[in-house]
Amino acid sequence: MPEIAYVRGDATAPSVKGVKIVAHVCNDLGGWGKGFVLAVSRRWPGPEAAYRAWHRDRASNDFGLGAVQLVRVEPYVWVANMIGQRGIRTGSKGAPVRYEAIDTALGRLAVRAAELNASVHMPRIGCGLAGGTWSRVGPLVERRLARQGIPVTVYDHGDGA
């Protein structure tokens, strides 16, 4: 059974062969401008434009918690915009992370990754601005992706984990 590989580096620059999906968590407000999305936008403009259009047209599509949007950015690279946080600020209802939504999105991502025969690359999703903990998100990634035979690499950026 494949395990999650942990490496230090940039999740937007996976160096493995084959089809790759760079997965990350977005909010349900249409906001894009802090955290990992800045690295995504520096590398490819398409995912941000697609996310903003997806949110703008949400009355007629599946935009919402647990939804996944795949955007092709290179011949063998896709970006998965996964809606896994409610709002953008910690408030009376706690941190914006929604573990159930991340779990649902990872299940949908697993189907697409299997169809594309792709590996999945991500930062510690839901654990930055969304306020989640890897002790809760990691097992979801393992169950939904790694145990399904999908190679997963989690990237820690910079010096700290």
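Looking at Asp28, its side chain does come within 3.5 Å of a backbone N or O of Gly87 through a donor-acceptor pair. Judged by distance alone, with hydrogens and angles left aside, the side-chain atoms of Glu3 form no donor-acceptor pair with the main-chain N or O of Ala146 at under 3.5 Å.
Hydrophobic clustering (side-chain heavy atoms under 4.5 Å, transitive across Ile, Leu, Val, Met, Phe, Trp, Tyr) groups Met122 together with Tyr6.
Taking the ring centroids of His24 and Trp78, they lie at or beyond the 6.0 Å cut-off.
In this structure the side chain of Val22 never reaches within 4.5 angstrom of the side chain of Tyr155, judged on heavy atoms. Leu70 has its side chain within reach of Val68: a pair of non-hydrogen atoms, C-beta onward, lies under 4.5 Å apart.
Ion pair Asp156/Arg8 not flagged as a salt bridge, since none of the NZ, NE, NH1 or NH2 atoms sits closer than 4.0 Å to an Asp/Glu carboxylate oxygen. For Asp103 and Arg143, the salt-bridge test passes: some basic side-chain N is under 4.0 Å from an acidic carboxylate O.
Arg56 pairs by the side-chain contact (heavy atoms from CB on, under 4.5 Å) definition with Ala53, not counting sequence neighbours.
Pairing each heavy atom of Ala23 with each of Met82, the nearest pair is CB-CE, 4.0 Å. The nearest pair of heavy atoms linking Ile102 to Gly126 is CD1-CA, 4.1 Å.
Checking each of Ile125, Val25, Thr12 against Phe36 for a side-chain contact (heavy atoms from CB on, under 4.5 Å) leaves exactly one that passes, namely Thr12.
A 6.0 Å sphere centred on OH of Tyr76 holds no more than 12 heavy atoms belonging to other residues, nucleotides or ligands. Summarising the local packing, CG of Asn117 is surrounded by 12 or fewer heavy atoms from other residues, nucleotides or ligands at distances under 6.0 Å. Annotation for Arg52: atom CZ counts as buried by contact number, over 12 foreign heavy atoms lying within 6.0 Å.
Note on ring orientation: taking the six-membered ring where Trp is involved, the planes of Trp54 and Phe63 are perpendicular (angle over 60°, cut-offs 30° and 60°).
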